[in-house]
Amino acid sequence: PASNLGLEDIIRKALMGTVEE
Amino acid sequence: ELNQDQQALLSYILDAYNKHRIPPDMAKKLLQEQFSTEENFLLLTEMATSHVQVLVEFTKNIPGFQSLDHEDQIALLKGSAVEAMFLRSAQAFTRKMPHGHTEVLEERIRKSGISEEFIVPMFNFYKSIGELQMMQEEHALLTAITILSPDRPYIRDQQAVELLQEAMLEVLRKVCKLKHPQEPQHFARLLGRLTELRTLHHHHAEMLESWRMS
């Protein structure tokens with residue numbers, strides 16, 4: 001789950017993700 | 001008065017702020033999960049993670065942010081996530097939360113293994129935010145301003161960030177005049193909260209350490 005990713009990983013992953021409509 | 005561009009910027013930021021929130025099932029968990037230090041710890045960790053994701057979605061909508069250098073975008077988010085989280089959770093302790101949620105959240109924070117020396121400044125901050133009676137527009141703008149701090153570590157093009165932040169500060173200044181006409185100091189007091197946030201941010205690293213230990 002996202003919660004054991006580091007802060008930077010969560011940010012990189014979310015930045016890459018498309019903006020869901 | 002706000003000019004046309006400023007009005008567009010404000011409604012755009014406000015819309016993004018209202019759209020990107022902690023998912024409702026997370027709020028439900030806040031109320032349903034049973035009360036133990038472990039449960040509270042897990043729930044707060046999960047909320048923090050979800051909050052970072054929500055913050056990134058909001059930040060993507062800040063005009064100009066996505067045209068910044070990619071690594072600077074990461075540095076800004078990494079440097080401001082904790083402060084933006086405290087600012088947003090502060091809203092939970094003003095009238096924004098449905099009845100009962102605030103008390104439950106407060107109890108969970110108090111009974112989650114976080115040491116008292118961090119709990120006190122945290123709730124002092126929430127109280128001082130509550131006293132300012134901030135409008136949703138102010139919360140949205142102040143969050144954007146916190147994120148667009150040019151002096152975060154590892155920022156390469158500080159000037160580009162500064163330009164974006166200045167545009168936000170100008171809109172916030174006018175909004176404060178419009179929404180709090182009888183409080184000339186209101187804008188200055190909002191900025192004062194940003195410094196308070198920095199101290200909280202500083203404590204947060206120590207808090208995490210002691211939390212992990214206990």
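Keep in mind that what you see is a predicted model, and the values were worked out from it rather than measured. Throughout, a chain's letter reflects where its sequence line sits, starting with A, and its residues are numbered from 1.
- Looking at A/Leu15 and B/His70, their side chains come closer than 4.5 Å, going by heavy atoms from C-beta outward.
- Taking CG of B/Leu55 as the reference point, atom CD1 of A/Ile11 lies at 7.5 Å (rounded to 0.5 Å).
- The CD atom of A/Glu8 sits 6.0 Å away from atom CD1 of B/Ile74, with the distance rounded to the nearest 0.5 Å.
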